[in-house]
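Report on the structure given below.
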Amino acid sequence: MINTQEISKFFTQEEANKSLVLVSKIANDIENKSQQLQLIKSKLLIDQEDQQLLEEVQNLGNQIIHHAHELEDIGAQILNIAPLIIGFPQIKGDEVSFLTWSLGQDEVRPELSDHLVK
C-alpha cells in the first residue's frame, strides 16, 4: 500500500512521458538485476552455503534498492516488481492516482490506483 504522505511530486501525463527516457534506463537496470537475482537464487537452492552466491544476492539487492531510490528522486515509484510497473503520482480532482508505465510501453497510461493509496 502506498502512503500519499510520502509522495514528493505529482505528474501530468506530459511530465511523466518526458521522464521516461531516464526512467526506462533505470527500469531496464532493475529488470536485468532482478533476472540475475532469480538465477542466483535458483543456484542457492542447490548450494545454500555458497558464500560467493550469498554475497552476489546481497550486492544485487543493494543495487536494486539504489535504483528504486533513483526513481524516487525523480518522483516515480515502483508499484509492482514482477512484472515491473512504475507509477507516477497525479492528482485528479481531489484524489491521488497513478499514471503507470511498464517496460515496452511507449508512454504512461492513466490508471486509477485508489486501492493502493491511503
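The analysis underlying the following values was restricted to heavy atoms, covering all of them including side chains, and did not include hydrogens, waters or symmetry mates. Not measured: the values here are computed from a predicted model.
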**OP:** Answer whether the closest heavy-atom distance between the side chains of Glu31 and Lys33 falls below 4.5 Å.
**Re:** no

**OP:** Verify the cluster assignment for Leu103 and Leu20: are they in a single hydrophobic cluster under the rule of side-chain heavy atoms below 4.5 Å apart?
**Re:** yes

Original post:
Is the count of non-hydrogen atoms from other residues, nucleotides or ligands lying under 6.0 Å from Lys9 atom NZ greater than 12?
Top reply: yes

**OP:** Step by step, work out the side-chain contact (heavy atoms from CB on, under 4.5 Å) result for Asn17 and Phe11.
**Re:** CA-CA 9 Å; Asn17 282 325; Phe11 290 83; over 6 Å; no

**OP:** Report yes if the side chains of Gln13 and Val108 come closer than 4.5 Å at any heavy-atom pair, otherwise no.
**Re:** yes

Original post:
Just by distance, do the side chain of Gln105 and the backbone of Ser102 share a donor-acceptor pair under 3.5 Å?
Top reply: yes

Original post:
Nearest 0.5 Å, what's the CG-CG distance between Leu37 and Asn32?
Top reply: 12.5 Å

Original post:
Side chains of Asn59 and Gln63: donor-acceptor distance under 3.5 Å anywhere?
Top reply: yes

Original post:
Under a single-linkage definition using a 4.5 Å side-chain heavy-atom cutoff for Ile, Leu, Val, Met, Phe, Trp and Tyr, are Leu60 and Ile65 assigned to the same hydrophobic cluster?
Top reply: no

Subject >> side-chain contact (heavy atoms from CB on, under 4.5 Å) assessment of Ile85 paired with Phe98 >> reply: CA-CA 11 Å; Ile85 300 173; Phe98 287 86; over 6 Å; no

I'd like a table of donor-acceptor pairs (distance under 3.5 Å, sequence neighbours excluded) in which one partner is a side-chain atom from residues 67-75, with atom names and distances.
unit_1	atom_1	unit_2	atom_2	d
His67	ND1	Glu70	OE1	2.8
His69	ND1	Glu72	OE1	3.2
Glu70	OE2	His66	NE2	3.4

Original post:
Rounded to the nearest 0.5 Å, how far apart are CZ of Phe88 and CH2 of Trp101?
Top reply: 7.5 Å

Original post:
Out of curiosity, Lys92 NZ to Ser97 OG, how far, rounded to the nearest 0.5 Å?
Top reply: 5.5 Å

Original post:
What's the verdict on side-chain contact (heavy atoms from CB on, under 4.5 Å) for Phe10 and Glu15, showing C-alpha distance, side-chain angles and the deciding distance?
Top reply: CA-CA 9 Å; Phe10 293 94; Glu15 291 170 331; over 6 Å; no

Original post:
Once you round to the nearest 0.5 Å, how far does CD of Glu56 lie from CD1 of Ile40?
Top reply: 4.0 Å

Subject >> pair Leu54-Leu44: side-chain heavy atoms closer than 4.5 Å >> reply: yes

Original post:
Applying the 4.5 Å side-chain criterion to the ILVMFWY set and letting contacts propagate, would Leu22 and Leu84 be lumped into a single cluster?
Top reply: yes

**OP:** To the nearest 0.5 angstrom, please state how far the CG atom of Leu99 sits from the CZ atom of Arg109.
**Re:** 12.0 Å

Original post:
Between Ile64 and Ser34, is any pair of side-chain heavy atoms under 4.5 Å apart?
Top reply: yes

Subject >> Minimum-distance pair of heavy atoms, taken over all atoms of Gly87 and Pro89 >> reply: O-CD, 3.8 Å

Subject >> Atom pair CD1/CD of Ile30 and Gln35 - distance to nearest 0.5 Å >> reply: 12.5 Å

